[in-house]
Amino acid sequence: MPNPTSVKDALAATAPNDSILVHGWVRTRRDTKTFSFLELNDGSCLHNLQVIVSSTLPNYAEIQHLSTGAAATVRGRLIPSQGQGQKWEVAADAVEIIGAADATYPLQKKGHTLEFLREIAHLRPRSNLFGCIFRVRSRLAFAIHQFFQERGFVYVHTPIVTGSDCEGAGELFRVTTLDMKNPPKREDGEIDYAKDFFARPTFLTVSGQLEAEAFACALSKVYTFGPTFRAENSNTSRHASEFWMIEPEVAFCDLQDDMQLAEDFVKYLIRDIRTHCADDLTLFTRFVDKGLLERLDFVAERPFQRVSYTEAVELLTKSGHKFEYPVEYGTNLQSEHERYLTEVHFKCPVTVYNYPKEIKPFYMRLNDDGRTVTAMDVLVPGIGEIVGGSQREERLDVLLENMNRHQLDPKDYGWYIDLRRYGSVPHAGFGLGFERMLMFVTGVGNIRDVVPFARTPGNAAF
RNA sequence: UGCCCAGUAGCUCAGCGGUAGAGCAGGUGACUGUUAAUCACUUGGUCGCUGGUUCGAUCCCAGCCUGGGCAGCCA
């Protein structure tokens, strides 16, 4: 009995093979008088393997009832196809029905809406589009590790359950084993988390940055790549409650280095997907976003535009463009402003840096002007913010002052402050939203469609 | 969370104050090295839920539920 061959390998064959074994799911069946065409897909690639099933096979009557979605194993000979459209096909000697699928199988041969497919998240990876998306997702994750590993970065697993609720990146999910119906109470009537599992309040992490800083101040170049959780009631096509984030953190690194790293990183990922997921990208180009390949190449080849926040505000004010929200110094750039910069004015990714200190978190390094901090955001056409980063405040006194200004209690940040007390060095890092990068690379417009089983407000089915 | 849009067959949609139609899928048959095959016939619906208006509601109104778009928060 031969070892199973993947559809991908079968289609890439360089010579016929008179004994081949293929597993897969039936995509479609077409009958003729003396034989049937069976298209088998096993997810190894976008394409199906065409199988010729002769009516002389003993179980041919059963095979004629094989419908879309059924699982089958085929033994036979890989031969050059007589028809157009594929180089190889399999002439079956035996077809074993492993798992039938009846008429209630929800996936048709015809296209479905993305909204419908979301409701059958357990079956949608069997569609062409989602097969492509999740193969690209896998490759993108691999490329991320490759980029950092090639450059001597150390992969750090920062905690998912965190004891600090003060990372300043949004609402947190509480982690508790207390009995919600009858929680232990303190004398003041508040819930007594000292009696909880970790003997303190705990949450799901919103960022591994602070912990990554600790490791960067020891291993010099580190990165995290893991799940993060935000309990924000965000209902948009680019927010999820559970998403993956890549957070490099580099010691002896300033904002300029940081911006360069982010730019090199994004370009590397695009080039990697461009060369390793060519087939999948053609499907996105055909059915999702006609301009995808051009945009990817454009972004990979051209330098990102860099403008300071102050320049960006001036540029937007002078543009003469009417915005729904006015542009003024000291407020966050609105989506429409970011879109104007990256889609209309520069028509390429834009790195905006040096934001007013008031609108950024306490850990960002204060610039010499005393009014801005070394923050940077990378904005890309179609998605908006994909990277957010900064050089961190390494000066103990300034950090404490920042915390004071943000009304944070240094007691809650003991270990973090320690990093400035012992061998403190300039360091910087950023966070890149994995799903947003995946959206950019595939052209898919909704974050719910690049996550295997998406978690969004009001939705954690599956 | 706010504003806007939509819920009709398994899917994608049309329709209309007098309780419904198409294409695809499914079934049957024909035809064919086909490839989202083709052709003929055919099964299939409490028109999201609950109230209200009306002689009569799938259609008009209100509330609710679900989905989507945009905005805020961010990655």
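Within every chain, numbering begins at 1; the chains are lettered A, B, ... in the order of the sequence lines, protein sequences first and strands thereafter. Computed from heavy atoms alone, side chains included, the values below leave out hydrogens, waters and symmetry copies.
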Exercise. For B:U54, give its Watson-Crick or G-U wobble partner with both distances under 3.5 Å, or none.
Key: none
Quiz prompt | Donor-acceptor pair (no angle test) under 3.5 Å: A:H239 side chain, B:C74 base | solution = yes
Exercise. Using a heavy-atom cut-off of under 4.0 Å over every strand shown, decide if A:G431 touches base, sugar-phosphate, or nothing.
Key: sugar-phosphate
Exercise. Could you measure between the two C1' atoms, the one in B:U42 and the one in B:C64, and give it in whole Å?
Key: 39 Å
Practice problem: Grab the two heavy atoms, one from A:F462 and one from A:H122, that are nearest each other, plus how far apart they are. | Solution: CE2-ND1, 3.3 Å
Quiz item: Expressed in whole Å, how much space separates the P atoms belonging to B:C4 and B:G63?
Solution: 12 Å
Practice problem: Using a heavy-atom cut-off of under 4.0 Å over every strand shown, decide if A:S237 touches base, sugar-phosphate, or nothing. | Solution: sugar-phosphate
Self-check item: Intermediate values then yes/no, side chain to side chain donor-acceptor pair (under 3.5 Å), A:R75 and A:T73
Solution: CA-CA 7 Å; A:R75 287 163 236 278; A:T73 292; 5.6 Å; no
Quiz item: Between atom CZ in A:R126 and atom C1' in B:C11, what is the gap in whole Å?
Solution: 17 Å
Practice problem: Determine, for A:R392 against A:E249, whether the closest basic-nitrogen to carboxylate-oxygen distance falls under 4.0 angstrom. | Solution: yes
Quiz prompt | Residue-phosphate contact under 4.0 Å: A:S335 side-chain N/O, B:G72 OP1/OP2 | solution = yes
Quiz prompt | Nucleotide paired to B:A9 in any strand shown, Watson-Crick or G-U, under 3.5 Å | solution = none
Quiz item: How is A:T113 classified with respect to the nucleic acid when contacts are heavy atoms under 4.0 Å: base, sugar-phosphate, or nothing?
Solution: sugar-phosphate
Practice problem: Identify the nucleotide, in any strand shown, that forms a Watson-Crick or G-U wobble pair with B:C39, with both distances under 3.5 Å; if there is none, say none. | Solution: B:G29
Quiz item: Whole Å only: how far is the CD1 atom of A:I120 from the C1' atom of B:C11?
Solution: 10 Å
Exercise. Could you tell me whether the phosphate oxygens of B:A71, OP1 or OP2, come under 4.0 Å of any side-chain nitrogen or oxygen in A:R339?
Key: yes
Quiz item: Does the side chain of A:R118 get closer than 4.0 angstrom to OP1 or OP2 of B:G68 through an N or O atom?
Solution: yes
Practice problem: Return each pair, listed once, that meets ring pair (Phe, Tyr, Trp, His ring centres under 6.0 Å) where at least one residue sits in residues 11-35 of chain A; pairs must be two or more places apart or across chains. | Solution: A:F35-A:F37
Quiz item: Whom does B:G44 pair with, Watson-Crick or G-U wobble, provided both distances fall under 3.5 Å?
Solution: none
Exercise. May I ask you to evaluate whether A:T68 reaches the phosphate of B:A25, defined as a side-chain N or O under 4.0 Å from OP1 or OP2?
Key: no
Quiz prompt | Separation of atom CZ in A:R238 from atom C1' in B:C70, rounded to whole Å | solution = 9 Å
Quiz item: For A:R30 and B:A37, is the shortest distance between a side-chain N/O and OP1 or OP2 below 4.0 Å?
Solution: yes
Quiz item: How many Å lie between CD1 on A:I359 and P on B:G72, as a whole number?
Solution: 13 Å
Practice problem: Check whether any side-chain N or O of A:N235 sits under 4.0 Å from OP1 or OP2 of B:G2, and answer yes or no. | Solution: no
Quiz item: With rounding to whole Å, what would you report as the distance between B:U58 and B:C16 at their C1' atoms?
Solution: 8 Å
Quiz prompt | B:G67 phosphate, OP1 or OP2, under 4.0 Å from A:R448 side-chain N/O | solution = no
Exercise. Determine the interatomic distance between P on B:G44 and the same-named atom on B:G7; round to the nearest Å.
Key: 25 Å
Self-check item: Interatomic distance, A:N233 CG vs B:C73 P [rounded to whole Å]
Solution: 14 Å
Quiz item: Starting at the 5' end of RNA chain B, which residue's closest nucleotide do you reach first, A:L107 or A:D31?
Solution: A:L107
Quiz item: Under 4.0 Å: is that the gap between some side-chain N or O of A:T28 and OP1 or OP2 of B:A37?
Solution: yes
Exercise. Look at all strands and tell whether A:G111 reaches a base, only sugar-phosphate, or nothing, counting heavy atoms closer than 4.0 Å.
Key: base
Practice problem: Check whether the side chain of A:E115 and the base of B:G69 form a donor-acceptor pair under 3.5 Å. | Solution: no
Quiz item: Between A:K109 and B:A37, does any side-chain N or O lie under 4.0 Å from OP1 or OP2?
Solution: yes
Quiz item: Whole-Å distance between B:A9 C1' and A:F116 CZ?
Solution: 13 Å
Exercise. Indicate, with a heavy-atom threshold strictly under 4.0 Å, whether A:E89 touches base, sugar-phosphate, or nothing.
Key: base
Quiz item: Is the shortest side-chain N to carboxylate O distance from A:D18 to A:R77 below 4.0 Å?
Solution: no
Quiz prompt | NZ/NE/NH1/NH2 to OD/OE distance under 4.0 Å, A:D264 and A:R151 | solution = no
Self-check item: Atom C1', compared across B:A14 and B:A22: separation rounded to whole Å
Solution: 7 Å
Self-check item: Rounded C1' spacing from B:A25 to B:A36 in Å
Solution: 12 Å
Quiz item: Any Lys/Arg nitrogen of A:D449 or A:R124 sitting under 4.0 Å from an Asp/Glu carboxylate oxygen of the other?
Solution: yes
Self-check item: Spacing of the P atoms in B:U43 and B:C3 (rounded, Å)
Solution: 47 Å
Quiz item: Contact class for A:F434 vs. all strands (heavy atom < 4.0 Å): base, sugar-phosphate, or nothing?
Solution: nothing
Practice problem: With sequence neighbours excluded, give me every ring pair (Phe, Tyr, Trp, His ring centres under 6.0 Å) pair touching residues 73-116 of chain A. | Solution: A:H112-A:F116
Self-check item: Carboxylate-amine/guanidinium contact A:E171 A:R230, below 4.0 Å
Solution: no
Practice problem: Identify whether any heavy atom of A:I246 sits under 4.0 Å from a base atom; if not, whether one sits that close to sugar-phosphate; answer base, sugar-phosphate or nothing. | Solution: nothing
Quiz prompt | Side chain of A:T236 (C-beta onward), nearest among B:C73, B:A75, B:U28 | solution = B:C73
Exercise. Take the protein atom CZ of A:R29 and the nucleotide atom P of B:U32, then report the distance between them rounded to whole Å.
Key: 17 Å
Quiz prompt | Phosphate-side-chain proximity, A:Q108 and B:U12, N/O vs OP1/OP2 below 4.0 Å | solution = no
Quiz item: C1' atom, B:A75 versus B:U34: distance in rounded Å?
Solution: 47 Å
Quiz item: Is B:C73 paired to anything, Watson-Crick or G-U wobble with both distances less than 3.5 Å, and if yes, which nucleotide?
Solution: none
Quiz prompt | Check: A:S234 side chain, B:C73 base, donor-acceptor under 3.5 Å | solution = yes
Self-check item: Opposite nucleotide pairing with B:U34, Watson-Crick or G-U, both atom distances under 3.5 Å
Solution: none
Exercise. Check the distance between B:U34's C1' and A:R27's CZ and give it to me in whole angstrom.
Key: 18 Å
Practice problem: For B:C49, give its Watson-Crick or G-U wobble partner with both distances under 3.5 Å, or none. | Solution: B:G63
Exercise. Assign each of A:Q334 and A:S241 to its nearest nucleotide of RNA chain B by heavy atoms, then name whichever residue's nucleotide is nearer the 5' end.
Key: A:Q334
